[in-house]
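This report concerns only the one structure given below.
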2 protein chains.
Amino acid sequence: MAKRVSHRDSMCGVARPLDAIGDWWSLLIVRDAFEGLRRFGEFQKSLGLAKNILSARLRNLLAHGIMETVLAADGSPYQEYVLTEKGRGLFPLLVALRQWGEDFFFEPDEAHVLLVDRKNGLPVRRLELRAQDGRVVGAEDTMVRLPSIAPE
Amino acid sequence: MAKRVSHRDSMCGVARPLDAIGDWWSLLIVRDAFEGLRRFGEFQKSLGLAKNILSARLRNLLAHGIMETVLAADGSPYQEYVLTEKGRGLFPLLVALRQWGEDFFFEPDEAHVLLVDRKNGLPVRRLELRAQDGRVVGAEDTMVRLPSIAPE
DNA sequence: CTCGCATGGTTTTAAGTTGAAACCGCTGTG
DNA sequence: CACAGCGGTTTCAACTTAAAACCATGCGAG
């Protein structure tokens with residue numbers, strides 16, 4: 001199940017999260033969880049994936065602390081799957097994905113769901129990355145650097 | 001190669017981009033491309049993945065317009081793989097992934113690479129999502145909604 | 001020209017993963 | 001008790017992945 005990393009034992013800051021998420025299904029499960037879905041059957045119906053796969057993905061999300069189980073609030077004897085804080089931390093990633101999708105995967109006139117402000121129903125702004133001084137920065141304005149402290 | 005979507009023919013705004021990216025390797029290739037890598041061999045060395053897989057992933061990224069090939073600038077007879085505008089649009093997603101990784105996958109004292117402002121070397125700020133009125137909003141402040149126009 | 005080597009792939013083949021469907025087990029209901 | 005709904009696990013065929021071997025092209029050296 002875990003991806004083999006023959007190349008380097010400790011994965012980089014991008015690969016490590018990817019490995020924890022597991023695969024695309026997991027991300028869609030998380031998205032549905034943000035929408036309020038909680039039950040096995042709800043996820044299965046929403047995503048239309050095989051039960052064994054859903055089962056495996058949920059287990060993986062639990063194992064990585066992205067979701068956790070709680071006893072059903074409505075008294076039914078089943079458990080529910082909810083996002084942990086770590087899982088909720090994936091919100092910006094999902095927004096980034098959605099905005100990228102809006103930009104490049106829909107015709108201008110093609111209808112698609114919008115992420116809106118609950119308070120007033122207006123669409124949210126685009127995600128933007130800012131430097132310390134508040135400038136909006138793009139990929140070309142940034143670089144990755146090892147921290148001052150020696151790595152390892 | 002393409003993921004089967006038996007459930008619904010046209011995929012949602014999150015699934016569609018995921019399908020285009022393909023898999024984790026592709027995202028790591030894109031990340032490396034942002035770092036300036038361009039050549040087949042560079043990607044292969046950096047990622048340590050099998051050549052056939054790299055070949056397939058690059059082909060998929062090309063097919064989805066995320067990368068394109070150009071003739072090598074340095075006069076060598078080979079081609080190079082560079083990000084298209086669509087590919088560069090993935091920058092916020094990679095930043096989101098990296099920041100999530102920083103938050104939850106590294107011990108506080110564990111060294112890891114930092115995304116910094118090229119201008120002054122200072123780390124960038126956190127990505128934040130804002131509403132139209134400028135408020136920073138989280139998952140609980142937003143919802144998805146169909147556009148006013150009838151879908152489809 | 002020929003040899004050897006670097007680059008950039010493709011082919012081959014075994015091992016692992018996926019997914020549909022069947023099955024299982026529990027709980028509440030008639 | 002039978003039965004239906006929910007939440008899974010098991011089974012098994014089909015597909016994907018990955019490592020390694022192989023192939024092709026374009027050099028530069030002898």
Side-chain angles (χ1 to χ4, degrees), chain A residues 1-9 11 15 18-29 32-33 36-64 67-82, chain B residues 1-9 11 15 18-29 32-33 36-64 67-82:
Chain A
M1 168 155 292
K3 188 168 294 184
R4 284 289 158 278
V5 182
S6 52
H7 182 234
R8 205 72 193 88
D9 204 320
M11 301 158 83
L18 288 177
D19 185 60
I21 295 172
D23 75 350
W24 292 154
W25 283 125
S26 303
L27 213 47
L28 293 172
I29 292 167
D32 277 359
L37 271 55
R38 302 165 70 92
R39 295 277 284 261
F40 188 95
E42 292 182 310
F43 291 116
Q44 208 224 327
K45 190 147 79 70
S46 165
L47 298 172
L49 84 176
K51 298 204 285 183
N52 52 349
I53 305 297
L54 176 56
S55 179
R57 291 304 168 269
L58 286 172
R59 221 173 338 195
N60 187 61
L61 290 169
L62 295 175
H64 282 91
M67 301 188 84
E68 63 190 341
T69 51
V70 299
L71 290 136
D74 66 350
S76 59
Y78 308 112
Q79 50 186 359
E80 300 184 332
Y81 297 86
V82 300
Chain B
M1 170 155 290
K3 189 169 294 183
R4 283 290 159 279
V5 182
S6 51
H7 182 235
R8 204 77 191 82
D9 203 321
M11 301 158 83
L18 288 177
D19 186 59
I21 296 172
D23 75 350
W24 293 153
W25 283 125
S26 303
L27 213 47
L28 293 172
I29 291 168
D32 277 358
L37 271 55
R38 302 165 70 93
R39 295 279 282 260
F40 188 95
E42 291 181 310
F43 291 116
Q44 209 224 327
K45 189 147 80 69
S46 164
L47 298 172
L49 84 176
K51 298 204 285 182
N52 52 349
I53 305 298
L54 176 56
S55 180
R57 292 304 169 269
L58 285 172
R59 219 169 330 165
N60 187 61
L61 290 169
L62 296 176
H64 282 91
M67 300 188 82
E68 63 190 341
T69 50
V70 299
L71 290 136
D74 65 351
S76 57
Y78 307 111
Q79 52 186 358
E80 300 184 332
Y81 298 86
V82 299

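Lettering of chains follows the sequences in order, A, B, ..., and the numbering in each one begins at 1.
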Give the rounded distance in Å between these two atoms: CG of A:L54 and C1' of C:dT18. 14 Å
Using whole Å, what does the distance between atom P of nucleotide C:dT18 and atom CG of A:L49 come to? 11 Å
Closest to the B:R57 side chain, choosing from D:dT17, D:dG5, C:dG19: D:dT17
For the residue pair B:F43 and B:Y81, categorise the inter-ring angle as parallel (less than 30°), tilted (30 to 60°) or perpendicular (more than 60°). perpendicular
OP1 or OP2 of D:dG7 sitting under 4.0 Å from any side-chain N/O of A:R39? yes
Just how far, in rounded Å, is P of D:dG5 from CD of A:Q44? 15 Å
Nearest whole angstrom, please: distance from the C1' of D:dG8 to the CD1 of A:I53. 13 Å
Checking B:W24 side chain against A:W24 main chain: does a donor-acceptor pair fall under 3.5 Å? no
Quickly work out the B:W24 CH2 to D:dT17 P distance and round it to whole Å. 14 Å
B:D23 CG to C:dT17 P: how many Å, rounded? 14 Å
Quick one, A:F40 and A:Q79 - any side-chain contact, counting heavy atoms below 4.5 Å? no
Rounded to the nearest Å, what distance is computed from the CH2 atom of residue A:W25 to the C1' atom of nucleotide C:dT17? 14 Å
Side-chain donor-acceptor contact under 3.5 Å, B:D23 with B:S26: yes
I'd like to know if the side chain of B:E42 and the backbone of B:R38 have a donor-acceptor N/O pair within less than 3.5 Å. yes
Under 3.5 Å donor-acceptor, A:Q44 side chain and A:A50 backbone: no
Please tabulate the protein-to-nucleotide N/O contacts below 3.5 Å involving nucleotides 9-14 of chain C, giving atom names and distances.
{"unit_1": "C:dG9", "atom_1": "OP2", "unit_2": "B:Y81", "atom_2": "OH", "d": "2.7"}
{"unit_1": "C:dG9", "atom_1": "N7", "unit_2": "B:K51", "atom_2": "NZ", "d": "2.8"}
{"unit_1": "C:dG9", "atom_1": "O6", "unit_2": "B:K51", "atom_2": "NZ", "d": "2.6"}
{"unit_1": "C:dT10", "atom_1": "OP2", "unit_2": "B:S55", "atom_2": "OG", "d": "2.4"}
{"unit_1": "C:dT10", "atom_1": "OP2", "unit_2": "B:R59", "atom_2": "NH2", "d": "3.4"}

What's the CG-C1' distance between A:L47 and C:dG19, to the nearest Å? 14 Å
